[in-house]
Chemist: 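Before we start, here is the structure in question, set down as structure tokens.
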Amino acid sequence: MKGNEQQLYDQFLQLLSISENMQQRIISLEKSNQVLIRSNRQLADWMDDTLADIEHYRENVKFEIMDDRRKEEEPEFWYPSIAAREETIKRLIDDGASIVRFGDGEFAAMQNRIRHKFQTVKDDNLAKRLKEVLHSDEKNLLVAIADNYGSLDQYTPQARREIRHYMTRTVRREHLNLLNRQRRYYDAYITRPYVIYADNQTDAPAERFRQLRKIWDGRNCVFVEGCMTRMGAGNNLFENAASIQRILVPAENAFSRYHQILDVCLRQPKDTLFLLALGPSAAVLAYDLYMAGCQAVDAGHIDLEYEWFLQGKGCRTPVPGKYNNEMEGGEKPQKIDDAEYDGQIIADVSGMQQDA
């Protein structure tokens, strides 16, 4: 019996030890929890403070920038005057104006740099002609630039990141050295009414496309486009045009055949509306057609934007059968079988088969 009592006593001591260990672990866990709670609270407070700092920066930065500019006798950086999209489209419709659009590809070409697949070789003559067009001063020739120089609030977060990545101080300086502080420019983004805008999941893009359609409403149109661009093929973007004919040009480096392209265009009736999609060469061609008494609209990317709008995903996506310089592999679209498209081709100066 005494042995049994000793055994029970030993078991009791073991249980007591286990209980004390558990109690110590509970105390330790409670302390760890308190540390985590304090850490989480500190992290939450830090996040709140950071967000507040960002908002305060947004509210105050314009005044800081303006103060820096005020202190400079000749500020290096300034903000070009750019007309709104609505005013730009109105000029095209009401005044029969032509438009040349200068984006990153055109500015790169003027610096003899390669930026896009549309232009893969340096061309001194193209750079010279682009500068001529940019500095032209014709009443009904709208020189358009992208609205990237100030607030980016109207764009999606992704578009803002892309613009900020591109618009370094060096690039901004290059642009401003070529632009005129006293000039009013027009909106180069009229042909990009969908993907880049923060309201792309609202009814706003549909209204922007509705306004764009008025440009070619009831007009006899000639598309001068890369041989794999295929504007309007498979969709209804241009269904309100009176007629569509196509002049196919090289998908890349179209300026290498520029004189042939211009010659074919000048054979068309004067009342033709030319819609151009051929990379940086479009600005030069629009200018030369305008000087010849024609209306020309640099319409690059408008068809891809419409395809993305129809898909409704709010982002760039592959578009089968159409050249797409903004998607991996998009420079080699698949062949299309479209009798209506084939019947609209009146000239092919691309140097290759249109379905290659």
Side-chain angles (χ1 to χ4, degrees), residues 92-93 118 190-194 205-206 208-252 254 257 260-261 263-279 281-282 285-286 289 294-312 316-327 329-356:
L92 297 175
I93 298 169
F118 292 134
I190 62 167
T191 63
R192 289 180 174 270
Y194 178 62
R208 290 194 282 265
F209 277 112
R210 190 180 73 82
Q211 293 299 321
L212 282 169
R213 280 194 176 97
K214 294 180 181 179
I215 297 172
W216 52 81
D217 188 42
R219 298 289 301 275
N220 293 314
C221 300
V222 170
F223 295 175
V224 186
E225 60 176 358
C227 57
M228 294 180 285
T229 300
R230 299 157 182 163
M231 287 198 299
N235 63 51
N236 63 350
L237 180 59
F238 300 100
E239 67 178 1
N240 60 322
S243 67
I244 295 173
Q245 294 180 311
R246 300 175 188 267
I247 299 171
L248 303 188
V249 306
E252 298 169 357
R257 293 175 177 261
Q260 294 172 266
I261 297 168
D263 180 64
V264 175
C265 290
L266 293 177
R267 296 179 203 163
Q268 309 310 313
K270 289 286 187 180
D271 63 350
T272 295
L273 172 63
F274 289 91
L275 295 175
L276 316 179
L278 59 155
S281 302
L285 183 59
L289 289 173
C294 304
Q295 184 182 13
V297 174
D298 179 354
H301 289 95
I302 193 170
D303 181 69
L304 286 177
E305 286 277 326
Y306 191 63
E307 292 282 1
W308 294 330
F309 165 71
L310 293 176
Q311 293 185 25
R316 300 177 182 92
T317 54
V319 180
K322 296 188 177 184
Y323 187 101
N324 186 344
N325 72 306
E326 297 184 352
M327 297 292 296
E331 73 278 11
K332 296 179 180 179
Q334 66 193 49
K335 177 182 176 180
I336 67 168
D337 184 12
D338 188 327
E340 182 180 11
Y341 168 85
D342 292 339
Q344 294 168 344
I345 299 171
I346 58 172
D348 186 346
V349 294
S350 67
M352 63 178 67
Q353 295 295 321
Q354 68 90 11
D355 59 1

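All of these numbers come straight from a predicted model, not from anything done at the bench.
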Chemist: Does anything in residues 242-251 pair up under salt bridge (Lys or Arg N to Asp or Glu O under 4.0 Å), and if so which pairs, sequence neighbours excluded?
Modeler: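 Only Glu225-Arg246 qualify under salt bridge (Lys or Arg N to Asp or Glu O under 4.0 Å).
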
Chemist: Within the structure provided, determine whether Cys265 and Val222 are in side-chain contact (heavy-atom separation under 4.5 Å).
Modeler: no

Chemist: Starting at CG of Leu273, measure out to CD1 of Ile215 and round the result to the nearest 0.5 Å.
Modeler: 8.0 Å

Chemist: Look only at the side chain of Glu307 and the backbone of Asp303, and say whether a donor-acceptor pair between them is shorter than 3.5 Å.
Modeler: no

Chemist: Using 0.5 Å steps for rounding, measure from the CZ atom of Arg219 to the OG1 atom of Thr272.
Modeler: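 Answer for the CZ-OG1 pair, Arg219 versus Thr272, is 8.5 Å.
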
Chemist: Restricting to non-hydrogen atoms, name the atom on Ala277 and the atom on Gly300 that form the minimum distance, rounded to 0.1 Å.
Modeler: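 Looking at all heavy atoms of both residues, the shortest contact is CB-CA, 4.2 Å.
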
Chemist: Among all residues two or more places apart in sequence or in another chain, which pass the side chain to side chain donor-acceptor pair (under 3.5 Å) test with Gln211?
Modeler: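 Testing Gln211 for side chain to side chain donor-acceptor pair (under 3.5 Å), a comparison that skips the adjacent residues, returns Glu207, Lys214.
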
Chemist: List the residues meeting side chain to side chain contact (heavy atoms under 4.5 Å, CB included) with Glu239, not counting sequence neighbours, and say none if there are none.
Modeler: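 Asn236.
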
Chemist: What distance separates Asp298 CG from Leu285 CG, expressed to the nearest 0.5 Å?
Modeler: 9.0 Å

Chemist: Taking salt bridge (charged side-chain N to carboxylate O under 4.0 Å, His left out) as the test, write out the residues that go with Asp217, two or more places apart.
Modeler: none

Chemist: Can you list the residues that meet the side chain to side chain contact (heavy atoms under 4.5 Å, CB included) rule with Cys294, with sequence neighbours excluded?
Modeler: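 Testing Cys294 for side chain to side chain contact (heavy atoms under 4.5 Å, CB included), a comparison that skips the adjacent residues, returns Lys270, Phe274, Leu289.
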
Chemist: What distance separates Leu278 CG from Cys227 SG, expressed to the nearest 0.5 Å?
Modeler: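 One finds 11.5 Å between CG of Leu278 and SG of Cys227.
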
Chemist: Does any part of the side chain of Trp308, heavy atoms only, come nearer than 4.5 Å to the side chain of Val319, both counted from C-beta?
Modeler: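 In short, these two side chains touch, coming nearer than 4.5 Å.
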
Chemist: State the CD-CE distance between Glu252 and Met228, to the nearest 0.5 angstrom.
Modeler: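 If I round to the nearest 0.5 Å, the distance is 6.5 Å.
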
Chemist: Who are the side chain to side chain contact (heavy atoms under 4.5 Å, CB included) partners of Ala286, not counting sequence neighbours?
Modeler: Val100, Leu276, Ala296

Chemist: List in chain and number order the residues that pass ring-ring contact (aromatic ring centres under 6.0 Å, His included) with Tyr306, two or more places apart in sequence or in another chain; answer none if no residue qualifies.
Modeler: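 Partners of Tyr306 under the ring-ring contact (aromatic ring centres under 6.0 Å, His included) test: Phe209, Phe309.
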
Chemist: Between Arg257 (side chain only) and Pro250 (backbone N and O only), is there a donor and an acceptor less than 3.5 Å apart?
Modeler: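 Side chain of Arg257 to backbone of Pro250, a donor-acceptor pair under 3.5 Å: no, none is there.
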
Chemist: Are side-chain heavy atoms of Asn324 and Arg316 found at a separation under 4.5 Å?
Modeler: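 No. Closest side-chain heavy atoms not under 4.5 Å.
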
Chemist: Roughly how far, to the nearest 0.5 Å, is the OG atom of Ser350 from the CD1 atom of Ile247?
Modeler: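 The distance works out to 12.0 Å.
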
Chemist: Applying side-chain contact (heavy atoms from CB on, under 4.5 Å) between Leu248 and each of Asp348, Val349, Thr229, Ile261, report the one that passes.
Modeler: Asp348

Chemist: Keeping Gln344 on the side-chain end and Ser243 on the backbone end, is there a donor-acceptor pair under 3.5 Å?
Modeler: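 Not a single qualifying donor-acceptor pair exists.
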
Chemist: Indicate yes or no for a side-chain donor-acceptor contact from Trp216 to the backbone of Asn240 under 3.5 Å, with no hydrogens or angles considered.
Modeler: no

Chemist: How would you list, by chain and number, every residue that makes a side chain to side chain donor-acceptor pair (under 3.5 Å) with Arg192, sequence neighbours excluded?
Modeler: His301, Glu326

Chemist: Testing the basics here: between Arg213 and Leu237, what is the closest heavy-atom pair and its distance to 0.1 Å?
Modeler: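 Answer, listing the atom of Arg213 first, then Leu237: NE-O, 3.3 Å.
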
Chemist: With sequence neighbours excluded, tell me which residues meet side chain to side chain contact (heavy atoms under 4.5 Å, CB included) with Pro320.
Modeler: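 Per chain and number, Pro320 pairs via side chain to side chain contact (heavy atoms under 4.5 Å, CB included) with Gln334.
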
Chemist: Would you say the side chain of Ile302 lies within less than 4.5 Å of the side chain of Met231, judging by non-hydrogen atoms?
Modeler: yes

Chemist: Looking only at non-hydrogen atoms, find the nearest pair between Thr191 and Glu305 and report the distance.
Modeler: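 Thr191 and Glu305 have their closest heavy atoms at O-CG, 3.5 Å.
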
